[in-house]
Amino acid sequence: MITSATPSFINSLAICSWTLWAVALVSVISRFISRRLQTGPPFFRDLLADDYLMLLAFACLTGVVISSSEVAKNGSNYVPEGETDDWTPAEVSQAEWGSKMLVALEEFMVGVLWVVKACLLLLYARMTSGLRESLAVKITAGYCFLTFIIVQVLYLGVWCRPITNYWAVPIPSGNEQCKTYHNHLITVTVLHVSSDLLMLCIPIPMIARSRLPLKRKIVLCGVFGLGVLVVLLAILNRYYNFVMPHDLVFLAWYNGEASTAVMTANVPFCWALLRRVFALDSWAGSSGGKQVIANTGPPTIGSGQRGSRFGRRRDQTLLESLRSRESGSRERITKDIELVGRAV
């Protein structure tokens, strides 16, 4: 990082970050419009825990955009040794503020990534209710919770002590982690990428084993496989962090990664809106002349029937009624996947 960015970089970052923020906002709004189309008024009674968590994730994304802009404008204490010797009090104060915003940026970034994981895990829990895959969801959820605690404890209590050294100008000798964030970045990347890859192993095999038509399988695998983009952006983000240590280009990658995480988490819930706008067909298609799922109404995982107050109980009742029509694990998986297909 440098003391501050050039005006052209600040403007470019603002355009890029707020554009991505706007696209993410559209995805969040589309999620709730789809919910409204599926449940009818008053739809707020049918909102589930992951819907509220998505609002929290978007709030964290807004924090990422604002704090990254402040870091670009004010710089930070991550400068070559001895450069701060000639700084004026105003420059020191500016760098201190930028360094505090950098601490906030890391917290907002971790918040976006792990809250999005929670949103998807709640969806997977409804998908796999009563199936053997539900154990995998619980194990993955436990792993994600543990990784979040590890990241927070190490970042706030281990890597830089006392914590005020994160924004000290200059940083006391022997406290390189307080300005490079090297250990923190490695820890976050390993735990974030590993948990995302673990989460991808839940829906993809279920879809592959289902009896849905091949076209439906490909679309659903594509929707639930979008998490690969987040993993790729995380790796590129760290690459630029380490290869260009005194450059602020990593701020653009932070915004890209956070915005993509929010957008990909909302894509599975936008099918009702897309179907209404583009007059698309129902997910209750047929395979080899046999209907996979009878279209008995508007129920979907994560949406529920009109007037229901308890989304979780509604989803369980719907799944149980559908599973009773066929026996065997493959048929049950097919039904669950078809319900998710309607939701997307």
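Positions are given from 1 along the sequence.
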Check your understanding: Apart from Ile218 itself, which Ile, Leu, Val, Met, Phe, Trp or Tyr residues share its cluster (side-chain heavy atoms under 4.5 Å, direct or through members)?
Key -> Leu214
Review point. What's in the same ILVMFWY side-chain cluster as Val193, cut-off under 4.5 Å, chained through other members?
Key: Leu197, Leu200, Val228, Val231, Ile235
Practice item. For the pair Ser259 and Leu61, evaluate side chain to side chain contact (heavy atoms under 4.5 Å, CB included) and give the outcome as yes or no after the intermediate values. Key: CA-CA 7 Å; Ser259 299; Leu61 172 61; 3.6 Å; yes
**Study point:** Qualifying salt bridge (charged side-chain N to carboxylate O under 4.0 Å, His left out) pairs with a residue from residues 5-21, counting only residues at least two apart or across chains
**Key:** none
Exercise for review: For Trp114 and Ser195, test the side chains for any donor-to-acceptor distance below 3.5 angstrom and give the result as yes or no.
Suggested key: no
Check your understanding: More than 12 foreign heavy atoms under 6.0 Å from CZ of Phe9: is that the case here?
Key -> yes
Review point. OH of Tyr124 to CD1 of Ile202: how many Å apart, nearest 0.5 Å?
Key: 6.5 Å
Exercise for review: Look at atom OH of Tyr143 and say whether more than 12 heavy atoms of other residues, nucleotides or ligands are closer to it than 6.0 Å.
Suggested key: yes
Check your understanding: Would the number of heavy atoms belonging to other residues, nucleotides or ligands and lying under 6.0 Å from OH of Tyr155 be above 12?
Key -> yes
**Study point:** Derivation of the side chain to side chain contact (heavy atoms under 4.5 Å, CB included) call for His192 and Val151
**Key:** CA-CA 10 Å; His192 166 47; Val151 167; over 6 Å; no
Exercise for review: Decide if atom CZ of Phe242 counts as having more than 12 heavy atoms of other residues, nucleotides or ligands within a radius under 6.0 Å.
Suggested key: yes
Check your understanding: Apart from Ile15 itself, what residues make up its hydrophobic cluster when side-chain heavy atoms of I, L, V, M, F, W and Y under 4.5 Å apart count as a link, directly or indirectly?
Key -> none
Review point. Given the side-chain rings of Tyr254 and Phe108, with only the six-membered ring counted for Trp, is the space between their centroids under 6.0 Å?
Key: no
Check your understanding: What side-chain hydrogen bond (donor to acceptor under 3.5 Å, both in side chains) pairs are there with at least one residue in residues 9-26, not counting sequence neighbours?
Key -> Trp21-Thr62
**Study point:** Listed once per pair and sorted, the salt bridge (charged side-chain N to carboxylate O under 4.0 Å, His left out) pairs that draw on residues 99-122, sequence neighbours left out
**Key:** Lys117-Asp196
Study note, to complete from the structure: Heavy-atom nearest pair, Ser99 first then Asn77, reads OG-N, 2.9 Å
